[in-house]
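Single-structure report; data block below.
Remember, it's 1-based here, ligands and their atoms both numbered in the order they're listed. Positions are given from 1 along the sequence.
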Amino acid sequence: MDLQDAIRTRRMVRTFDPARPVPAEALDRILRNGTRAPSAGFSQGQAWLVLQGADLEKFWIYGSDAVGPTVRTAPLVLVPFSCKRAYLDRYAQPDKGWTDRDEARWPVPFWHIDTGMAAMLQLLTAVDEGLGALYFGIVPPQVQPFREAFGVPDDHEPIGAIAIGYDAEEGKRDLRSKRRPIETMVHYGAWGTHEA
Ligand SMILES: Cc1cc2nc3c(=O)[nH]c(=O)nc-3n(C[C@H](O)[C@H](O)[C@H](O)COP(=O)(O)O)c2cc1C
């Protein structure tokens, strides 16, 4: 599939065909492409938990508060994690020199940005594999119970979850009318002008 087609046709899918599992090769490609994402200082402080079958039942105890019930039809959920410690370690190395590990040095949390970049690659790979996917949040009160249930290390933070499967939605949503006009989002040269 052409990149432009993948970007144009990607949309969040919230109902899946529960009878069709994600093929192993497709999952493998989704995961591998996630590891191709850029990362600050090449820190690569990302990890993913792959949940299918009985593991999914357990996931939904903690992961269902931000989505409707149809999302549970997904045969696969991927939970992406950011590891801030990996970034602080990497930037304390001699070529970076931030040995004080002061978090005030970070303009924004690069660890979450990088995990999000990987998630985007994974969403687009799902589209390219003919699959649908939904990125959604795990609500704050459920994060610690979720961590404990799956043995997640303390220094790994889930940034949400990605449900993946074959699209079984009826009646496609059309978000075109809701999309913000590009002129209100892009600023050429300085703020206050919308002209190219
Ligand atoms: C960081 C992030 C969090 C999101 N959280 C949820 C969520 O908790 N539940 C949900 O149904 N959709 C969630 N979405 C999906 C958005 O609602 C969706 O991307 C947006 O409405 C635009 O639709 P589209 O992605 O189909 O173009 C999330 C998307 C992002 C990027």
Side-chain angles (χ1 to χ4, degrees), residues 1-18 22 30-31 33-34 36-40 45-51 56 58-84 87 106-147 149-150 152 156-186:
M1 182 185 275
D2 183 59
L3 175 64
Q4 190 57 39
D5 286 337
I7 293 171
R8 187 179 51 79
T9 57
R10 187 215 58 79
R11 40 186 286 286
M12 296 301 186
V13 170
R14 294 180 176 83
T15 306
F16 303 88
D17 183 344
V22 173
I30 289 166
L31 293 169
N33 281 357
R36 301 302 299 265
S39 69
Q46 279 68 47
W48 293 274
L49 182 64
V50 181
L51 301 172
L56 266 187
K58 195 163 78 165
F59 171 78
W60 289 119
I61 297 171
Y62 312 99
S64 62
D65 288 0
V67 290
T70 61
V71 179
R72 287 170 176 246
T73 51
L76 177 85
V77 168
L78 209 58
V79 183
F81 297 86
S82 305
C83 179
K84 177 171 66 182
Y87 287 75
W106 299 84
V108 290
F110 284 176
W111 36 96
H112 294 319
I113 288 183
D114 294 350
T115 314
M117 290 205 187
M120 190 70 246
L121 292 182
Q122 292 167 330
L123 291 175
L124 289 174
T125 306
V127 173
D128 195 38
E129 288 285 346
L131 293 156
L134 169 70
Y135 183 102
F136 62 99
I138 300 174
V139 298
Q142 297 289 7
V143 170
Q144 193 51 29
F146 160 79
R147 261 193 230 270
F150 289 94
V152 177
H156 280 60
E157 192 171 353
I159 67 156
I162 306 175
I164 306 175
Y166 286 94
D167 185 348
E169 283 191 354
E170 289 170 16
K172 304 296 175 196
R173 286 171 311 129
D174 186 351
L175 292 181
R176 269 176 299 188
S177 63
K178 281 190 168 179
R179 216 170 277 291
R180 274 178 66 185
I182 191 167
E183 299 77 17
T184 70
M185 303 173 87
V186 178

Tell me, which protein residue and heavy-atom name are nearest atom 26 (O) of ligand 1, and how many Å apart are they? Met12 N, 2.7 Å

Note, Val67 side chain near Trp60 side chain (heavy atom, < 4.5 Å): yes

Rounded to the nearest 0.5 Å, how far apart are CG of Leu131 and CD1 of Ile30? 5.5 Å

With a cut-off of 4.0 Å, which atoms of ligand 1 are near a heavy atom of Ala66? 7 (C), 8 (O), 9 (N)

Shortest protein contact, atom 4 (C) of ligand 1 (heavy atom only): Tyr135 O, 3.6 Å

Is there a side-chain contact between Ile138 and Phe59 (heavy atoms, below 4.5 Å)? yes

With ring centroids as reference points, do Trp48 and Phe150 lie under 6.0 angstrom apart? no

Pick from Arg179, Arg14, Arg10: the one approaching atom 17 (O) of ligand 1 most closely through a non-hydrogen atom: Arg14

I need the atoms of ligand 1 closer than 4.0 Å to a non-hydrogen atom of Arg11, numbered in the order shown. 26 (O)

Strictly under 4.0 Å, does any heavy atom of Leu134 approach an atom of ligand 1? yes

Under 4.0 Å from any heavy atom of Gly137, which atoms of ligand 1 are there? 5 (N), 7 (C), 8 (O)

Here the atoms of ligand 1 under 4.0 Å from any heavy atom belonging to Phe136 are 5 (N), 6 (C), 7 (C), 8 (O), 9 (N)

Under 4.0 Å from a heavy atom of Leu175: which atoms of ligand 1 are those, numbered in the order shown and with their elements? 22 (C), 23 (O), 24 (P), 26 (O), 27 (O)

Do Asp167 and Arg11 meet the salt-bridge criterion of a basic N to acidic O distance under 4.0 Å? yes

Residue pair Ile162 / Ile164, side-chain heavy-atom distance below 4.5 Å: yes

Tell me, with the steps shown, if Thr115 and Gln46 meet side-chain hydrogen bond (donor to acceptor under 3.5 Å, both in side chains). CA-CA 6 Å; Thr115 314; Gln46 279 68 47; 3.0 Å; yes

Establish whether atom 20 (C) of ligand 1 and some protein heavy atom are separated by less than 4.0 angstrom. no

